[in-house]
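A short worksheet on the structure shown next.
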Amino acid sequence: MFMRGPSLGTRLFLLGIFSVLLMFLDHREHHLEAVRHALSVAVYPVRLAVDLPSRGLSWVAESLSARGRLLDENRRLRDERMEFLARLQRLEALQAENTRLRALLDSAPRVADRVLVANILSVDLDPFQHRLVVDKGSSDGAYVGQAMLDAGGIVGQITRVEPYSSEAILISDPSHATPVEVNRNGLRSIAIGTGDSGHVNLPFLPNNADVRVGDLLVSSGLGGAFPPGYPVARVSGVERLPGEPFAKVVAEPTGALNREREVLLVWSRVSRPEASPEEETPPEAPGEPE
Amino acid sequence: MTGRARFWPVLLALLIALSLEVAPLPAALEAWRPPWVALTVIYWAMLQPGRYGVGIAWLVGIVLDVLKGSILGQHALMLAVAAFLTIRFCQRLRVFPIWQKTIAVCAIVAVYTFIGFWIDGMTGDLEGSLLRLASIASALVVWPPLYWVSNRLLAPQAGR
């Protein structure tokens, strides 16, 4: 293109203006989703190709691992399954009871969440942002703002949906805030990412707040992005500085951020309509969505 | 130089560079990932400034934007500027010995990186520390072998 056209400087100038325009449209107005969708289908093979070696390695490791180890793993998994099934029975009874009690209180029942397993493609987007790519997109019904869990708890949420893959932001990204509550006493706060996948901060807890090391933080469901009641992090440090208005509270995410190959996408139908596309969630919504 | 037939080395080099740009690395090394696509664009702009100019660089940048999930136009602008600087100084660059060439390329990569900072800063995604400059250092290390290998492998067919 532009083989014998305007001079080099002019071309750069025009392209520069065009780039700025594109960036403005993309960042401020979100007008270019269609363009991005079309192009993302074109780059999807690159993402798959990049993911291939690590997938191949794990396949080789699996097929070469000794029979004895597989049997051991199988036995362990079966034991775990038995244990979980037993716990699940109790859970079902509790859920029924909960629904009954909620009906008595006249509040909306919690709807059981639907989940789908998604694989994380081993694609590094930007070393300074905690983003990742999963292999489920709008063709599987994923949507922007959808919560992402793993076995340990909430991992992040989806920020951009493409036909066959989606980009997600982790709760440890510095621009991500997760509305949480302390499981022990219902104290609500916000967990903000630090850029380190081992820590999140809770900067808005006053010095006299009842929070202790070891407290489990679960999602509060405020803001509508995350379904309530899933574990998010465990408080790992509380420092109360008399001179400061807020305590320094640090928590460790319970989910295996950046270490997992698989995540669960959750459809929580209660809060779907007000799921905000951006990660900002209001600090205190006036009423509980539940 | 007969047009179309020699297009595939460029395409191949770009595909490899795009893959390397998002290939998984251990967490400790992530910040040190060389800007593969930028280096490739600089290489081809240096070799054939008449054919692979700012327009192609810009298009490659759009693809990179989609691949990395950055805002559309960011890498496009960065790569267009890198290609512009390369072509502008290309006549001088070509006669430089390899170490001077490396330094010049690093300067271009530095400009490329800083434009990235500014855009990140304006859109509010600016995170990280001085480690962000690590990719310039790794470009310094990667460029001489990359140049040598590419010249051996690709240029005999595509060079002039």
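Since we're looking at a predicted model, the values are computed, not measured. To find a chain, count down the sequence lines: A is the first, B the second, and so on, and within it residues start at 1.
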* Structure fact -> dist B:Ser19:OG -> A:Leu52:CG (nearest 0.5 Å) comes out at 11.0 Å

* If you count heavy-atom pairs under 4.5 Å with chain B, which of A:Arg36, A:Arg47, A:Glu167 comes out on top? -> A:Arg36

* **4.5 Å side-chain heavy-atom contact, A:Leu15 and B:Leu77** => no

* When you look at CZ of A:Phe13, are more than 12 heavy atoms from neighbouring residues, nucleotides or ligands closer to it than 6.0 Å? -> no

* Is atom NZ of B:Lys101 surrounded by more than 12 heavy atoms (other residues, nucleotides or ligands) closer than 6.0 Å? -> yes

* Structure fact -> From the list B:Val81, B:Ile87, B:Leu85, side-chain contact (heavy atoms from CB on, under 4.5 Å) with A:Leu12 holds only for B:Val81

* Identify which part of A:Arg160 has an atom lying under 4.5 Å from any heavy atom of chain B, answering side chain, backbone, both or neither. => side chain

* Asked: Taking atom CG of A:Leu22 and atom CD of B:Gln74, what is their separation to the nearest 0.5 Å?
  -> 12.0 Å

* What residue, out of B:Gly69, B:Ser70, B:Ala80, has the most heavy-atom pairs lying under 4.5 Å from chain A? -> B:Gly69

* Nearest 0.5 Å, what's the OG-CD1 distance between A:Ser19 and B:Ile62? -> 7.0 Å

* Rounded distance [0.5 Å steps], CG in B:Leu64 versus CG in A:Leu39 -> 12.0 Å

* To do: Check whether B:Leu20 gets within reach of chain A through its side chain, its backbone, both or neither, counting any heavy atom under 4.5 Å.
  => neither

* To do: Select, from B:Val66, B:Val54, B:Leu72, B:Val63, the one with the greatest count of heavy-atom pairs under 4.5 Å involving chain A.
  => B:Leu72

